[in-house]
Undergrad: 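Shown below is the structure under consideration.
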Amino acid sequence: MLRVVVLGSGAGGGVPQWNCNCEVCTRARRGDGSVTARSQSSIAVSADGENWCIFNCSPDIRQQIADNAILWPKPGQHRHTPISSVVVTNADVDHIAGLLILREKQGFDLYATGTVLDVLVENPIFNVLDGDYVERRPIVHDQPCEVGPGITIEPFLVPGKVALFNEERMMAEQQSLHIGDESENTIGLEVTSAGGESLFYIPGCAAMTDGLAQRLKGAALVLFDGTVWLDNEMVSQKLGAKTGQRMGHMSMAGEAGSMAAFAGLDVARKVFIHINNSNHVLIEGSHERQQANDNGWEIAFDGMEIEL
Ligand code: MLT
Ligand code: MN
Ligand code: ZN
């Protein structure tokens with residue numbers, strides 16, 4: 001068995017984003033039911049219903065734990081957590097800032113690529129995770145690794161980019177690094193239970209490669225990058241200067257979009273996750289929502305549960 005609970009279905013900033021008056025954020029604040037608020041990017045996975053592995057650790061993790069009883073400390077112990085491990089897929093703020101919340105001398109294992117672990121080393125604030133309690137374990141692409149009781153991951157490189165706050169420095173240092181490159185900066189994961197059920201978790205992906213398409217063919221469940229509907233929506237809504245591509249995210253719609261890319265892949269259950277507040281797929285009854293559903297996609301929401 002593999003149990004998945006979506007802790008946060010939004011992208012960085014969440015919905016509503018603190019400083020944003022876009023259509024989606026405005027509707028979410030109005031509370032008229034047309035847009036549900038979403039916290040930032042994270043899922044919890046368990047194979048035994050008792051030990052949970054958190055995939056990505058957003059700054060909203062404190063509230064996400066408070067909202068999900070599966071993650072509460074077990075009664076009868078002074079200090080306890082059902083969170084046995086944390087795996088991060090890149091070093092973006094929405095995926096690592098929550099690690100600071102998980103301090104308090106609590107043991108768990110932290111898995112990331114060497115490149116992403118280096119980012120934590122370079123930022124000494126992450127030393128609040130006491131090394132006597134939190135084991136940092138490097139994962140290597142295409143090498144399966146057990147990350148919790150009955151849970152194995154196989155990481156793989158996907159087109160992406162370095163974390164925003166490192167872009168200028170790392171891209172100056174490594175001339176060979178480009179937006180959309182496959183590198184240890186961004187990984188996707190296949191998560192498999194001891195019983196053989198498996199899912200893919202890919203919250204950031206700049207393009208569908210042949211290799212990725214091969215990997216995903218016939219999958220039971222894929223949770224995939226749903227950041228933007230259109231590549232230029234941030235620009236056209238006057239929310240920012242960057243395209244989805246520039247941020248390392250492929251759009252849902254369009255010829256180069258994920259809906260088209262998944263069309264022949266025969267994936268049984270397709271769920272968009274890491275959805276930005278600029279994306280009108282978040283509006284119930286919108287034509288974007290209709291089109292996504294017509295293409296067989298579900299839109300993740302906080303608290304969504306999936307069992308395989
Ligand atoms: C992203 O997914 O592109 C990042 O989370 C952006 C950010 O760091 O806010
Ligand atoms: Mn993000
Ligand atoms: Zn907004």
Side-chain angles (χ1 to χ4, degrees), residues 9 11-12 41 55-56 88-92 94-95 112-113 115-116 139-142 153-164 166-167 170-171 174-191 199-219 221-236 240-267 269-276 278-279 281 288 291-292 295-300:
S9 51
S41 186
F55 291 83
N56 288 322
V88 302
T89 59
N90 62 25
D92 282 343
D94 53 347
H95 288 164
T113 62
T115 303
V116 169
I139 51 177
V140 179
H141 59 91
D142 304 310
I153 56 166
E154 180 167 327
F156 48 88
L157 306 182
V158 293
K161 68 168 192 67
V162 303
L164 184 59
N166 266 337
E167 264 185 24
M170 280 178 76
M171 293 184 68
Q174 299 176 48
Q175 301 287 333
S176 57
L177 211 54
H178 299 98
I179 306 285
D181 279 351
E182 290 183 44
S183 78
E184 277 204 337
N185 288 293
T186 313
I187 56 168
L189 298 166
E190 183 173 12
V191 185
L199 65 90
F200 287 88
Y201 174 57
I202 310 171
C205 183
M208 178 65 74
T209 62
D210 290 344
L212 183 57
Q214 260 336 98
R215 216 181 257 280
L216 299 180
K217 234 178 203 153
L221 170 64
V222 179
L223 301 158
F224 196 78
D225 185 342
T227 309
V228 291
W229 178 259
L230 290 175
D231 190 49
N232 70 347
E233 73 189 28
M234 300 271 297
V235 181
S236 64
K242 284 186 186 165
T243 61
Q245 279 298 295
R246 178 62 186 77
M247 297 188 292
H249 299 289
M250 66 195 288
S251 60
M252 294 181 177
E255 270 172 39
S258 46
M259 292 192 298
F262 272 76
L265 297 186
D266 197 25
V267 173
R269 204 163 168 189
K270 300 175 287 190
V271 180
F272 278 126
I273 201 155
H274 188 280
I275 309 162
N276 196 48
S278 56
N279 191 334
V281 85
E288 290 89 348
Q291 211 176 312
N295 278 287
W297 285 86
E298 297 171 67
I299 307 303

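Please read these numbers as outputs of a predicted model, since none were measured by experiment.
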Undergrad: Enter the distance from Leu221:CG to Arg269:CZ here, rounded to the nearest 0.5 Å.
TA: 6.5 Å

Undergrad: Is the shortest side-chain heavy-atom distance between Leu189 and Phe55 below 4.5 Å?
TA: yes

Undergrad: For Gly296 versus Lys270, what's the shortest heavy-atom pair and its separation?
TA: O-CE, 3.6 Å

Undergrad: Are any of the side-chain heavy atoms of Val267 and Phe200 separated by less than 4.5 Å?
TA: no

Undergrad: Test of understanding: with side-chain contact (heavy atoms from CB on, under 4.5 Å), list the residues that count as partners of Leu230, not counting sequence neighbours.
TA: Asn232, Glu233, Ala253

Undergrad: Can you tell if the side chain of Met234 reaches within under 4.5 Å of the side chain of Asn276, non-hydrogen atoms only?
TA: yes

Undergrad: Testing the basics here: between Asn185 and Asn90, what is the closest heavy-atom pair and its distance to 0.1 Å?
TA: O-CB, 3.1 Å

Undergrad: With rounding to the nearest 0.5 angstrom, report the CD to OG distance, Gln174 to Ser183.
TA: 8.0 Å

Undergrad: In terms of the angle between their ring planes, are Trp297 and Phe224 parallel, tilted or perpendicular, with boundaries placed at 30° and 60°?
TA: tilted

Undergrad: I would like to know whether Met171 and Ile179 meet side-chain contact (heavy atoms from CB on, under 4.5 Å); could you show each step before the answer?
TA: CA-CA 9 Å; Met171 293 184 68; Ile179 306 285; 4.1 Å; yes

Undergrad: What distance separates Lys161 NZ from Thr186 OG1, expressed to the nearest 0.5 Å?
TA: 7.5 Å

Undergrad: To the nearest 0.5 angstrom, please state how far the CZ atom of Arg215 sits from the OG1 atom of Thr209.
TA: 8.5 Å

Undergrad: Starting at CG of Leu265, measure out to CD of Gln214 and round the result to the nearest 0.5 Å.
TA: 9.0 Å

Undergrad: Find the distance between CD1 (Ile299) and CG (Asn279) and round it off to the nearest 0.5 Å.
TA: 7.5 Å

Undergrad: Where is the tightest heavy-atom contact between Gly204 and Asp225, given as atom of each residue plus distance?
TA: CA-OD2, 3.3 Å

Undergrad: List the atom of Thr227, the atom of His249, and the distance in Å for their closest heavy-atom pair.
TA: OG1-ND1, 3.1 Å

Undergrad: Could you tell me whether the side chain of Phe262 reaches within less than 4.5 Å of the side chain of Met252, counting heavy atoms only?
TA: no

Undergrad: Distance-only, no hydrogens or angles: does the Thr113 side chain make a donor-acceptor pair with backbone N or O of Glu184 under 3.5 Å?
TA: yes

Undergrad: Yes or no on side-chain contact (heavy atoms from CB on, under 4.5 Å) for Leu212 and Phe156, after CA distance, side-chain angles and deciding distance?
TA: CA-CA 9 Å; Leu212 183 57; Phe156 48 88; 3.5 Å; yes

Undergrad: Given side-chain contact (heavy atoms from CB on, under 4.5 Å), test Ser258 with Met208 step by step and report yes or no.
TA: CA-CA 7 Å; Ser258 46; Met208 178 65 74; over 6 Å; no

Undergrad: Short question: side chain of Ser251, backbone of Val228 - any donor-acceptor pair under 3.5 Å?
TA: no

Undergrad: Inspect the surroundings of CG in Asp142 and state if more than 12 heavy atoms from other residues, nucleotides or ligands are less than 6.0 Å away.
TA: yes

Undergrad: Which atom pair, heavy atoms only, marks the closest approach of Ala207 to Pro159?
TA: O-CG, 3.6 Å

Undergrad: Can His274 and Asp94 be counted as having a side-chain donor-acceptor contact under 3.5 angstrom?
TA: yes

Undergrad: Is it the case that the side chain of Asp181 and the backbone of His178 share a donor-acceptor pair, with hydrogens and angles ignored and the cut-off at 3.5 Å?
TA: yes

Undergrad: Checking Val271 against Val222 for the side-chain contact (heavy atoms from CB on, under 4.5 Å) test, could you report, in this order, the C-alpha distance in whole Å, the side-chain angles of both residues, the deciding distance, and whether it holds?
TA: CA-CA 6 Å; Val271 180; Val222 179; over 6 Å; no

Undergrad: Do Ile202 and Leu216 come close enough that some side-chain heavy atom pair is under 4.5 Å?
TA: yes

Undergrad: According to side-chain contact (heavy atoms from CB on, under 4.5 Å), who are the partners of Gln245, at least two apart in sequence or on a separate chain?
TA: Asp231, Thr243, Met250

Undergrad: Of all heavy-atom pairs between Pro203 and Ile273, which one has the smallest distance, and what is that distance?
TA: CA-CG2, 4.4 Å

